[in-house]
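Here the structure is a predicted model, which is why all the values come from computation and not from measurement. Read the numbers this way: they start at 1 and go in the same order the structure lists the ligands and their atoms. In this chain, numbering begins with 1 at the start of the sequence shown.
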Amino acid sequence: MALLSPSSLVVLPLLVLVAMAARAGVATLLYDQIDITWGGDRSFFYMEQEGVDVLALCLEQTNGGSGFTSKDAYLFGRFDIDIMLVANNSAGTVTTFYVRQLIPSPPPPRPRRSACIGRRCVVLVSLMPDDVPWPYHDEIDLEFLGNSTGEPYTLHTNVFVNGAGGREQQFRLWFDPTTDFHTYSIEWNPKHIIILVDGTPVRVFKNDASRDVPFPTWQHMRLQGTLWNADQWATQGGRVKTDWTQAPFFAYYRNLRVTPCAPSPGVAWCGDEPRESTWFEQRLDMAALRKAQEEHMIYDYCVDEKRFKDKGFPKECTME
Ligand SMILES: *[C@@H]1O[C@H](CO)[C@@H](O)[C@H](O)[C@H]1NC(C)=O
Ligand SMILES: *[C@@H]1O[C@H](CO)[C@@H](O)[C@H](O)[C@H]1NC(C)=O
């Protein structure tokens with residue numbers, strides 16, 4: 001997704017907002033934690049109550065969407081945010097919350113080609129290496145796929161490591177995510193990635209790097225959130241399109257909490273946690289996870305036989 005210049009936010013309300021926060025003596029405003037990095041001209045912050053500001057991301061046909069990126073980057077951590085999704089007819093819209101590796105990441109090797117005119121040959125180095133794989137792309141992804149009024153949202157999740165994703169699991173939310181804020185969380189530690197909805201774990205991706213399953217372990221990640229149009233595929237497989245007469249669409253974010261990863265006592269940092277340590281296991285309620293998956297999971301790549309019948313299931317799907 002293209003990252004455009006910072007938004008031209010209206011300055012005055014923001015000054016007021018910052019002044020209010022300063023007066024209340026409160027610590028963290030979303031406004032201070034993130035930058036609007038994409039299509040921000042109609043997005044805005046407002047003060048919901050003292051010390052709690054809300055970001056309203058805006059999607060209209062002319063901007064194609066908008067998004068934010070956290071100012072800080074993290075290597076492991078727990079990220080909680082409250083989101084209220086696009087209401088009523090949200091078909092075609094996608095609201096996201098994800099972490100991805102710091103941008104820019106180390107530059108991928110550039111493709112070299114040579115061109116010869118007569119006997120003179122030159123090496124051409126492409127400045128836009130679009131055609132090389134995305135070897136450093138790490139991402140842990142929550143995407144909320146909108147729907148027609150009254151039809152359920154889908155929570156689509158994925159994990160990309162070293163440029164490869166294809167690890168989709170989808171869930172039906174068990175509440176109306178458009179009338180209230182709900183808390184969505186990514187816990188990323190050296191042992192596993194856990195995705196939680198209102199504190200209930202719905203997905204776990206284990207670190208089995210020692211058995212050659214890719215896992216993000218070395219790149220700092222930034223948090224991002226976006227609201228964009230994906231009506232080619234998002235709703236009922238792309239059959240239901242965005243109804244632009246309903247635009248502008250808004251999704252609301254508040255209360256971003258970032259908790260640094262804490263290793264077990266005596267260990268210097270999370271990356272050093274001994275392999276045999278069970279420290280991070282206590283953060284995962286397996287019974288709750290199984291129950292949530294039984295009740296709410298609607299797609300799991302690990303059981304999609306049709307998809308993998310030729311090349312076989314990814315390694316992590318066949319390991320205990
Ligand atoms: C959704 O529909 C209800 C009922 O028609 C209306 O009151 C409300 O304003 C709509 N919400 C949005 C965000 O358009
Ligand atoms: C939208 O609603 C339809 C009908 O209930 C459902 O089949 C579909 O999975 C829902 N979600 C999306 C993203 O299409």
Can you confirm if the aromatic rings of Phe79 and Tyr74 lie within a centre distance of less than 6.0 Å? yes

Between Glu48 and Arg254, does any side-chain N to carboxylate O distance fall below 4.0 Å? yes

Indicate, with yes or no, if the rings of His296 and Phe171 have centres closer together than 6.0 Å. no

Residues clustered with Leu196, ILVMFWY side-chain links under 4.5 angstrom: Ile194, Val204, Leu284, Met286, Leu289

Which of these passes side chain to side chain contact (heavy atoms under 4.5 Å, CB included) with Ile140: Trp188, Phe97, Tyr98? Trp188

Near ligand 2, which protein residues have a heavy atom under 4.0 Å away? Leu145, Gly146, Asn147, Glu151, Pro152, Thr154, Arg172, Ala234, Thr235, Gln236

Glu281 and Lys191 ion-paired at < 4.0 Å: no

